[in-house]
Amino acid sequence: MSATAFGVVLGIGALGAAAGALFAPAVARRFGPGPMMLGALALTPLTQVPLLLASPGLGWEIVIGAALFLQLACAGAAGTTQRSIRQLITENSMQARMQAVSTWLTSGARPLGALLAGGLGTWAGVRPALVAGACLLVVPLVVLARSPLRALRQMPAPPPAPESTGHTTGQPPAAAGPTVPAPGSASAAEGSMDGGMP
């Protein structure tokens, strides 16, 4: 590909990601979030086939652009849906921690994956590295197919708010500390000197 064709193909892929994210709610309502994600993950490895078979020429550039559009549309649809499910089933007080762990795992895996892919491409060649990558795209499909999410037909309800723990407003419960004595209470004042213990 020329630099211009490569940029156009990447731009088409970006449009696919946006389209997948935009249409994900409607598709999830129609088929259920679980089957929708399962279908998206099943299509993703197949979108690698044109790249493995491609030869130089405008026709293959169009095919690869269409395949990338579909691949990133599937990724956008599955990704936004699973993030929505995570947010719905996580308590408000744990939202930041859940998101931080998810971001750390995904962002931390990217440089490692790039290093391994580059090493494999250098050692075995570009085409074997692409074949290995296409095969690895089956792993998320297998994991989801063996999980309860595959039968999820509607978005889950959020967990009930805990009672009397301070979590109802999304704030963590106040830390236990020394009690403030009532005015004129000598015994309470003495107890507060050693942390509230009598």
Side-chain angles (χ1 to χ4, degrees), residues 13-45 47 68 70-117 133-181 188 191-192 194-198:
L15 291 176
L22 287 173
F23 286 102
V27 178
R29 285 192 297 270
R30 175 67 178 84
F31 299 102
M36 186 271 286
M37 288 191 294
L38 202 61
L41 293 176
L43 283 174
T44 301
T47 60
L68 186 61
L70 180 59
Q71 183 183 71
L72 294 185
C74 290
T80 55
T81 303
Q82 59 95 359
R83 288 184 186 93
S84 298
I85 292 172
R86 279 207 319 261
Q87 290 178 340
L88 283 171
I89 65 175
T90 303
E91 292 184 8
N92 287 340
S93 61
M94 298 294 290
Q95 289 283 347
R97 189 174 302 179
M98 174 272 294
Q99 187 58 41
V101 170
S102 173
T103 302
W104 184 82
L105 288 173
T106 53
S107 300
R110 285 174 184 155
L112 179 60
L115 180 63
L116 293 175
C135 292
L136 287 174
L137 289 174
V138 178
V139 174
L141 172 64
V142 173
V143 171
L144 183 63
R146 295 174 60 86
S147 78
L149 281 176
R150 71 182 184 278
L152 188 64
R153 297 291 177 173
Q154 58 184 5
M155 297 298 281
E163 297 180 3
S164 304
T165 60
H167 287 231
T168 54
T169 61
Q171 300 294 327
T179 57
V180 179
S192 67
D194 58 357
M197 297 299 293

Of the non-hydrogen atoms in [X] and [Y], which two are nearest, and what is the gap between them?
X	Y	value
Leu88	Pro156	CD1-O, 3.5 Å
Thr106	Thr103	OG1-O, 3.3 Å
Gly13	Leu72	O-CD1, 3.2 Å
Ile85	Pro33	CD1-CB, 4.3 Å

So, [X] side chain and [Y] main chain: donor-acceptor pair closer than 3.5 Å or not?
X	Y	value
Thr47	Thr44	yes
Arg150	Ser147	yes
Thr81	Ala78	no
Thr80	Ala77	yes
Arg83	Gly79	yes

**Item:** Heavy-atom check, side chain of Arg30 versus side chain of Met36, under 4.5 Å
**Value:**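 No; the side chains remain at least 4.5 Å from each other.
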**Item:** Side-chain heavy-atom pair Leu70, Cys74 within 4.5 angstrom cut-off
**Value:**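 Yes; the side chains approach each other to less than 4.5 Å.
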**Message:** With side chain to side chain contact (heavy atoms under 4.5 Å, CB included) as the test, pick out the partner of Pro45 among Leu141, Val139, Leu137, Leu136.
**Reply:**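 Only one option passes, and that is Leu137.
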**Prompt:** Which of these, Met94, Gln95, Gln99, sits in a side chain to side chain contact (heavy atoms under 4.5 Å, CB included) with Arg97?
**Reply:**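 The side chain to side chain contact (heavy atoms under 4.5 Å, CB included) with Arg97 is passed solely by Met94 among Met94, Gln95, Gln99.
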**Prompt:** Under the side-chain contact (heavy atoms from CB on, under 4.5 Å) criterion, do Met155 and Arg29 qualify, and how do the steps go?
**Reply:** CA-CA 8 Å; Met155 297 298 281; Arg29 285 192 297 270; over 6 Å; no
**Prompt:** In Å and rounded to the nearest 0.5 Å, what is the CE to CD1 distance from Met98 to Ile89?
**Reply:**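 Answer for the CE-CD1 pair, Met98 versus Ile89, is 8.0 Å.
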